[in-house]
2 protein chains.
Amino acid sequence: MAVKSLNDAVAMQDIARRAGVCKATVSRALNNPQRVSAKTRDKVLEVVAELGYTPNKLASSLRQGRSKHIAVMLPDITNPYFAPVVRSIEQTAMRRGYSVILNDTQDNPDLERTFAAMVHTRQVDGIITNSARIPFDLASVGGDVRRLPPIVNASEFCDLPEIIKVGVNNYQIGKQATEHLLNLGHTRIAALAGPGGLDSSDQRMRGFTDALQQQQLTVNTNWVYHGDYSMASGDLGARALMQWRERPTAIFCFGDLAAFGALHALRELGYQVPQDISVISVDGIALGEYTSPPLTTVAQPLEQIGSTAATLLIDLIEGERPPSNENVLAHRLIIRKSTGKPA
Amino acid sequence: MAVKSLNDAVAMQDIARRAGVCKATVSRALNNPQRVSAKTRDKVLEVVAELGYTPNKLASSLRQGRSKHIAVMLPDITNPYFAPVVRSIEQTAMRRGYSVILNDTQDNPDLERTFAAMVHTRQVDGIITNSARIPFDLASVGGDVRRLPPIVNASEFCDLPEIIKVGVNNYQIGKQATEHLLNLGHTRIAALAGPGGLDSSDQRMRGFTDALQQQQLTVNTNWVYHGDYSMASGDLGARALMQWRERPTAIFCFGDLAAFGALHALRELGYQVPQDISVISVDGIALGEYTSPPLTTVAQPLEQIGSTAATLLIDLIEGERPPSNENVLAHRLIIRKSTGKPA
DNA sequence: ATAAAGAATGTAACCCATTTCATCAAACCA
DNA sequence: TGGTTTGATGAAATGGGTTACATTCTTTAT
């Protein structure tokens, strides 16, 4: 049945025998070289090289009670927003000696829970999640959040204050994106928002509303469409927003993908961007540079979100609490060709 | 230092004690329920539920000599081509009880090797790689490929016949893409190829050449540009191709990303697609539906590549050799708006 | 020179589940 | 009814490291 892994044979005991020392010494020579005499160390390392020995990390993990694996949960790896985050997590983790186990939850709570169980089975030392749902069964920790295993919440926030979070200031993002449009002279601005109730979307909406109000403008509810950040919903949303008798001159998309969909719809409907209508969005994914027209967007520091999340999580695993639970990283408005003065 | 995981305490021994049986019986009750009397089984399961026991998978893996982890190596998770493949691998693996360890090698042989080393120490049961480089130090296995852990080579092929491969017929893809352009009446066709020497690119180029020759056309070397499949190289390549006095009326991009770059360049240069120039490409990534204009492309069955690769690998791990080492999946021409008759 | 401190190494327990082998009881057969 | 097969369970070895503790060999200090 199960094929036995191959170059097993050689274990620590074999090295020990051949080097004329005991297992413990081999272990020390490998992990705490300074705790072993130079002579012994050299001899051990020589035998290790000779026999091509690689320590079995499972055994080590079992004994030490930590696997040096971290899990990354995200709703959809296919989303270009997440890919750079994951890549950066992976790089950071690898540098610190951790491997990344990937889990695409498809935003399915059941899958999230299944995966979360991995923490209990000791397969992973901690989790980075991009979901607002923290899937751990609170009951199992007696309702005490502090007893949860290390978790870092990236990009999208849950409402447990005890959980460490890393992301951007979505309120400011919403405000700045809107202000960019206002500064260009737009007054009829639509919002192609994300799901209501989702923190990132709600915050951006607040920023949107406040920015308008500072110019004595109010939100036209006809011009607010709640999608799900996807291209398809951006397409649909843009069509919905443009159907009204009184049309907006600018659309603030709450995500780049939705903006791609919107650009597509607007083109099909025969509008020129930005001549007929401006489009701005949020995220700063790489594709935005190549759309037609290239997309003006408030970029999130995706790599930095990933590396920060990984660093915080690993610090946490290794016993170092971060100074703050809220880690807000800087966003950046990138002005390209999809926004302009209103006609 | 290292924080001890929390609800440790409860191990199999605890269940055993509490249920009045021995560890072995608990293990059997959990893994081979039919090998235990109904009464004992119920009692054990009851105690398991009561104490909230979850088996330590590290221990189990150590004992059984298999970790139920598979590693996925790919050059860049940020590439929209790979994301669906990875997602599909992950889903398939999860369904079969395996976790996926992700490694973004950035096409860096050193990183690949580093990671490959991990495979030994982490006791990863198998590997799916999207690189033509099989990074395992052959010396370490005495030059004997059969001693490598199970590997499946997806998308991009190495030249070891012993390695299982899953992917598409790139020659046919190249041919069909070209034929589509020929059928529309194009005779001046450029190729925005991938790196020379890379199997996928070379095969598509063969298909391209053969399709042209069947129409008594020859390849104009001015109209062949070798990029690296990236958007940036597509942009550059398109500009290079359009600089000649005699210009092509169609460009065959060897990858969707390059096509995005090409569309961007063509737009900037003032060409209308497809009125002035047609663009076709390969991959069928989701974004292609939303470009301007939507991209005609030969789609690869990305999900299927992933699921097939995962299935083959896990079968292999569990001792089942596939009928063939070459698993070629069907591609599909998707005609959208980026190709048309020549002016 | 010698006790005390320190460094190097060995012994054995430990992490926790799986699995072989032995044991014992119940069911089956002639 | 004695002998055998079958089924349930337990004892103990196992996988491969790590580490607390014990022991031995050096140094250093007096």
Side-chain angles (χ1 to χ4, degrees), chain A residues 1-2 4-45 47-48 51-68 97 120-123 125, chain B residues 1-2 4-45 47-48 51 53-68 97 120-125:
Chain A
M1 203 59 49
K4 188 101 176 143
S5 192
L6 301 147
N7 49 344
D8 270 82
V10 45
M12 196 171 259
Q13 181 62 60
D14 303 314
I15 306 298
R17 202 172 1 245
R18 184 109 173 203
V21 297
C22 71
K23 270 178 17 180
T25 301
V26 175
S27 176
R28 282 187 285 251
L30 260 28
N31 303 317
N32 297 77
Q34 78 291 353
R35 298 209 39 214
V36 159
S37 76
K39 193 157 139 275
T40 318
R41 191 193 322 135
D42 292 348
K43 177 65 184 167
V44 168
L45 294 178
V47 175
V48 164
L51 269 54
Y53 166 73
T54 47
N56 181 327
K57 216 154 188 202
L58 285 179
S60 152
S61 294
L62 172 61
R63 179 63 229 253
Q64 300 191 132
R66 54 176 170 69
S67 64
K68 293 262 198 166
H120 288 125
T121 61
R122 313 295 188 289
Q123 294 187 85
D125 295 339
Chain B
M1 204 54 52
K4 190 101 174 146
S5 193
L6 301 148
N7 49 345
D8 268 84
V10 45
M12 195 172 261
Q13 180 61 61
D14 304 313
I15 306 298
R17 204 173 359 248
R18 183 109 173 204
V21 296
C22 73
K23 274 179 6 181
T25 301
V26 175
S27 176
R28 282 186 286 250
L30 260 28
N31 303 317
N32 299 77
Q34 79 291 354
R35 298 211 39 211
V36 159
S37 75
K39 193 157 140 274
T40 316
R41 191 193 322 135
D42 292 348
K43 178 64 185 165
V44 168
L45 293 178
V47 176
V48 163
L51 269 56
Y53 166 73
T54 46
N56 182 327
K57 214 159 185 210
L58 287 179
S60 153
S61 293
L62 173 60
R63 180 63 232 257
Q64 300 191 133
R66 53 176 169 68
S67 62
K68 292 265 197 166
H120 286 124
T121 66
R122 293 277 195 191
Q123 311 301 113
V124 169
D125 294 340

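Computation of the quantities below employed the complete heavy-atom set of this structure, encompassing side-chain atoms and omitting hydrogens, waters and symmetry-equivalent molecules. Each chain gets a letter, A, B and so on, in the order the sequences are listed, and its residues count up from 1.
- Between A:Lys39 atom NZ and C:dA7 atom P the separation is 19 Å, expressed in whole Å.
- Both B:Asn32 and A:Ala24 sit near DNA chain C, but only A:Ala24 has its closest nucleotide nearer the 5' end.
- For the residue pair A:Asn56 and B:Gln123, the shortest heavy atom distance occurs at OD1-CG, 3.5 Å.
- In this model, the phosphate group of C:dC15 is not approached by any side-chain N or O of B:Gln13 to a distance below 4.0 Å at OP1 or OP2.
- Side chains of A:Val36 and A:Val44 form no contact here, defined as non-hydrogen atoms less than 4.5 Å apart.
- A:Arg66 and A:Asp125 make their closest contact through CA-OD1, 3.4 Å (heavy atoms, listed as atom of the first residue, atom of the second, distance).
- Here the P atom of nucleotide D:dA11 and the CZ atom of B:Arg17 are 13 Å apart, to the nearest Å.
- OP1 or OP2 of C:dT18 has at least one side-chain nitrogen or oxygen of B:Ser60 nearer than 4.0 Å.
- Nearest to the side-chain atoms of A:Lys23 among the listed nucleotides C:dA17, D:dG17, C:dG10 stands D:dG17.
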Its contact letters, B for base, S for sugar-phosphate only and - for none at protein heavy atoms under 4.0 Å, make nucleotides 22-28 of chain D read -------
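- For B:Met12 and D:dG10, the CE to C1' distance is 14 Å, given to the nearest whole Å.
- Of all the heavy atoms in B:Ala16 and B:Cys22, the pair that sits closest is CB-C, 3.6 Å.
- A side-chain donor-acceptor contact under 3.5 Å links B:Ser61 to the backbone of B:Lys57.
- Checking the phosphate oxygens (OP1, OP2) of C:dA17, a side-chain nitrogen or oxygen of B:Tyr53 falls inside 4.0 Å.
- In plain terms, the two heavy atoms of B:Val47 and B:Ala19 that are nearest each other are CG2-CB, 3.9 Å.
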Collect all protein-nucleotide pairs involving nucleotides 7-9 of chain D in which both atoms are nitrogen or oxygen and the distance is under 3.5 Å.
residue: D:dT9; atom: OP1; partner: B:Ser37; partner atom: OG; Å: 3.1
residue: D:dT9; atom: OP1; partner: B:Thr40; partner atom: OG1; Å: 2.3
residue: D:dT9; atom: OP2; partner: B:Ser37; partner atom: N; Å: 3.0
residue: D:dT9; atom: OP2; partner: B:Thr40; partner atom: OG1; Å: 3.3

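- Taking atom CG of residue B:Leu62 and atom P of nucleotide C:dC14, one finds them 17 Å apart after rounding to whole Å.
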Starting from the C-alpha separation in whole Å, work towards a yes-or-no answer on side-chain contact (heavy atoms from CB on, under 4.5 Å) for B:Lys23 and B:Val26.
-> CA-CA 5 Å; B:Lys23 274 179 6 181; B:Val26 175; 5.6 Å; no
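- The backbone N or O of A:Pro33 sits less than 3.5 Å from a side-chain atom of A:Arg41, completing a donor-acceptor pair.
- If you measure from atom NZ of A:Lys57 to atom C1' of C:dC15, you get 17 Å, rounded to the nearest angstrom.
- Look at CG on B:Asn31: it is 8 Å from P on C:dT19, rounded to the nearest Å.
- At least one side-chain heavy atom of A:Leu30 sits under 4.5 Å from a side-chain heavy atom of A:Leu45.
- For A:Ala59, the side-chain atoms get nearest to D:dG17 when compared with the rest of C:dC15, D:dG17, D:dT18.
- As a whole-Å value, the separation of B:Arg63 CZ from C:dA17 P is 13 Å.
- Distance CD (A:Gln64) to P (D:dG17): 12 Å, rounded to an integer number of Å.
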